[in-house]
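Residue indices begin at 1 and follow the sequence shown.
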Amino acid sequence: MTYFQDIPKILYKGPQSSDPFTYRYYDKSRVLLGKTMAEHLRWSVCYWHSFNWPGSDVFGAGTFERPWHPGQTVTEELAEIKLNAAFDLFSKLDTPFFCFHDVDAMADFSSIKEYTANLNNIADKMARKISDTGVNLLWGTANLFGDPRYAAGAATNPDPEIFAWAAHQVRSMLEVTHQLGGANYVLWGGREGYDTILNTNLAQELDQIGRFMTMVVDHKHKIGFTGTILIEPKPHEPTKHQYDRDTATVYGFLQRYGLEQEIKVNIEANHATLAGNSFEHEIATANAFNILGSIDMNRGDPQNGWDTDQFPNNVPEMTLALYHLIKGGGFSSGGFNFDAKVRRQSIDAEDLAYAHIGGIDVLAKALINAAAIIEDGTLDSFVEDRYSRWQDAFGQQILSGELSLAEAADHSVQSNSDPKAVSGRQEYLENLINRFADGGFEGAGNA
């Protein structure tokens, strides 16, 4: 008897399937633009929302009744029950990857020595599950925000003793991630920011976190971890202002501390919109700076101003995200992690399955659409033509640095030019994307 015993193995049955326990678009072996769907999407289930969140909110207690009692004291026995249930769901969904924080999986602890022992204990059991199921670790991370000691941050804390505690957690989880064959390691600064600038030395805190990141990178190389170190941008919540507010801000931070060749970003869709950016903007920005690492896949509610972490359900929006992802070269070590949680009223085991089935089908359909847009070539040709004059000799001289400001200005005078504005054709392009995103191009790629 298992918690997910009534959920069958989820198989691809095609768009005409009405069985809610099937994939309608996610055919993992289907080839699009030279890669299978599984290779393009590299998707994972997250441990924290799916197995740790009790279904609580600020106005009410948890609504989920799971055998491992989420939200309550976690014993070694309950940690193992949760581990077995998690890998049962991973296997039934046929997901290739999972992600977890240290405290998601392990038993509770009351000292730093107990923390280390409990983490190593569950890591050994997790290693056997990975070997038995073939479900691999996309990335690991340490929870540096949940414990009260981190109320004023971890790496940015005014107390260096708390900085040291955070260093121990990250060192331990980085080594566990390496031990488990993880492809990436994520640093999420949930409280690396401030609630009020009245009690904050901003320059000091930035130097602290810059030093912390450098120490993490140094330890990565010391232990031989070949995965990617990732920062996950978010503008606020739980703090008023977080230092890693969006991709462009993170890139400036990385440049300041000489880490732009060492660390990439893990972009979350809901964090992008909280920062006032679109999801596709964040992906395109990361591509421009060559720091796209991985993606946390979810969505927010436009009527709510916080991180609601809902499963994605908007195919046209995801089509644009997949288009920019593919145009940037796609994932190398990263993937799509469903950092999303079922709603508080979705209390049954089946609801966890339905959420992930729908989420991966949205990504799969968006991938089909994005591949069709790229194969069609109209959008790419339009953008290329719009900037074509920069390929002329004069444009190349500007970009190569051959011309000074005065020389560029003199060119305009000498040529007696009178350049005219050219239409950007926004409505035409929006109509073009909608033709692909409404399902009219189902045949893209190889079946």
Side-chain angles (χ1 to χ4, degrees), residues 1-10 17-26 43-74 78 81-90 92-93 95 98-101 103-105 143 145-146 190 234 237-238 268-274 279 296-315 317-318 336-365:
M1 300 284 287
T2 67
Y3 184 67
F4 297 108
Q5 64 184 3
D6 295 329
I7 297 173
K9 181 81 171 182
I10 310 302
S17 175
S18 59
D19 182 350
F21 288 120
T22 60
Y23 293 123
R24 300 178 64 242
Y25 295 102
Y26 179 62
W43 63 287
S44 76
V45 177
C46 80
Y47 222 102
W48 51 100
H49 287 324
S50 293
F51 304 100
N52 279 47
W53 184 52
S56 59
D57 63 21
V58 294
F59 296 106
T63 57
F64 299 157
E65 295 182 7
R66 320 282 201 210
W68 53 92
H69 307 309
Q72 301 181 29
T73 300
V74 182
L78 289 178
I81 290 172
K82 180 165 55 175
L83 178 73
N84 291 333
F87 274 85
D88 185 27
L89 182 62
F90 300 158
K92 289 187 172 183
L93 291 170
T95 176
F98 72 104
C99 299
F100 78 108
H101 297 83
V103 299
D104 297 337
N143 182 321
F145 51 89
K234 188 179 183 181
E237 192 208 40
E268 180 176 313
N270 202 171
H271 293 180
T273 52
L274 284 176
F279 184 28
D296 270 10
M297 192 64 258
N298 56 24
R299 65 182 169 96
D301 188 311
Q303 278 76 52
N304 290 334
W306 62 86
D307 196 3
T308 54
D309 286 329
Q310 295 170 248
F311 279 82
N313 68 353
N314 189 315
V315 172
E317 284 186 2
M318 289 307 101
F336 278 109
N337 170 50
F338 284 109
D339 185 4
K341 54 182 180 276
V342 295
R343 299 299 88 190
R344 192 165 176 262
Q345 298 179 53
S346 299
I347 60 177
D348 295 334
E350 290 88 342
D351 294 315
L352 274 171
Y354 293 146
H356 287 92
I357 292 167
I360 190 58
D361 258 353
V362 166
L363 289 184
K365 185 65 172 70

**Nearest-0.5 Å distance, CG of residue Asp104 to SG of residue Cys99** = 10.0 Å
**4.5 Å side-chain heavy-atom contact, Val362 and Asn314** = no
**Prompt:** Can you find a heavy atom in the side chain of Ile10 that is under 4.5 Å from one in the side chain of Tyr26?
**Reply:** no
**Message:** If you define the side chain from C-beta out and look only at heavy atoms, does anything of Phe279 sit under 4.5 Å from Glu317?
**Reply:** no
**Item:** Point-to-point distance, once rounded to the nearest 0.5 Å, from CG of Asp339 to OH of Tyr47
**Value:** 16.0 Å
**Request:** Quickly, which of Asn313, Asp309, Thr308 forms a side-chain hydrogen bond (donor to acceptor under 3.5 Å, both in side chains) with Arg299? Name it, please.
**Result:** Asn313
**Message:** Ring centres under 6.0 Å, that's the criterion: do Phe98 and Phe87 meet it?
**Reply:** yes
**Request:** Specify the closest pair of heavy atoms between Leu274 and Glu237, including all atoms of both residues, with the distance to one decimal.
**Result:** CD1-OE1, 4.0 Å
**Request:** Applying side-chain contact (heavy atoms from CB on, under 4.5 Å), run through Tyr25 and Val315 and close with a yes or a no.
**Result:** CA-CA 12 Å; Tyr25 295 102; Val315 172; over 6 Å; no
**Item:** Taking every non-hydrogen atom, the tightest pair across Asp307 and Lys341
**Value:** O-NZ, 4.4 Å
**Prompt:** Rounded to the nearest 0.5 Å, how far apart are OG of Ser44 and CG of Asn337?
**Reply:** 3.5 Å
**Asked** Are side-chain heavy atoms of Leu352 and Phe64 found at a separation under 4.5 Å?
**Response** no
**Prompt:** If we only count heavy atoms from C-beta on, is the Asn84 to Trp68 side-chain gap below 4.5 Å?
**Reply:** no
**Message:** If you apply the rule side-chain contact (heavy atoms from CB on, under 4.5 Å), what do you find for Trp48 with Asn143, and how did you get there?
**Reply:** CA-CA 10 Å; Trp48 51 100; Asn143 182 321; over 6 Å; no
**Request:** Nearest 0.5 Å please: distance from the CE atom of Met297 over to the NE2 atom of His356.
**Result:** 12.5 Å
**Item:** For Asn298 against Ala269, the heavy-atom pair lying closest together
**Value:** O-CB, 3.1 Å
**Request:** Apply side-chain contact (heavy atoms from CB on, under 4.5 Å) to the pair Val45 and Phe338, showing each step before the final yes or no.
**Result:** CA-CA 5 Å; Val45 177; Phe338 284 109; 5.6 Å; no
**Asked** Just how far is it from atom CG of Leu363 to atom CZ of Phe336, taken to the nearest 0.5 Å?
**Response** 5.0 Å
**Prompt:** Is there any side-chain hydrogen bond (donor to acceptor under 3.5 Å, both in side chains) pair reaching into residues 51-66, and which pairs are they, with sequence neighbours excluded?
**Reply:** Tyr3-Arg66, Asn52-Lys82
**Prompt:** Does any non-hydrogen side-chain atom of Trp306 lie less than 4.5 Å from one of Asn270?
**Reply:** no
**Asked** What's the spacing between Asp88 CG and Gln5 CD if we round to 0.5 Å?
**Response** 9.5 Å
**Complete:** Shortest non-hydrogen pair, Asp6 vs Pro8, comes out as O-CD, 3.6 Å
**Item:** Side-chain heavy-atom pair Tyr23, Ile360 within 4.5 angstrom cut-off
**Value:** yes
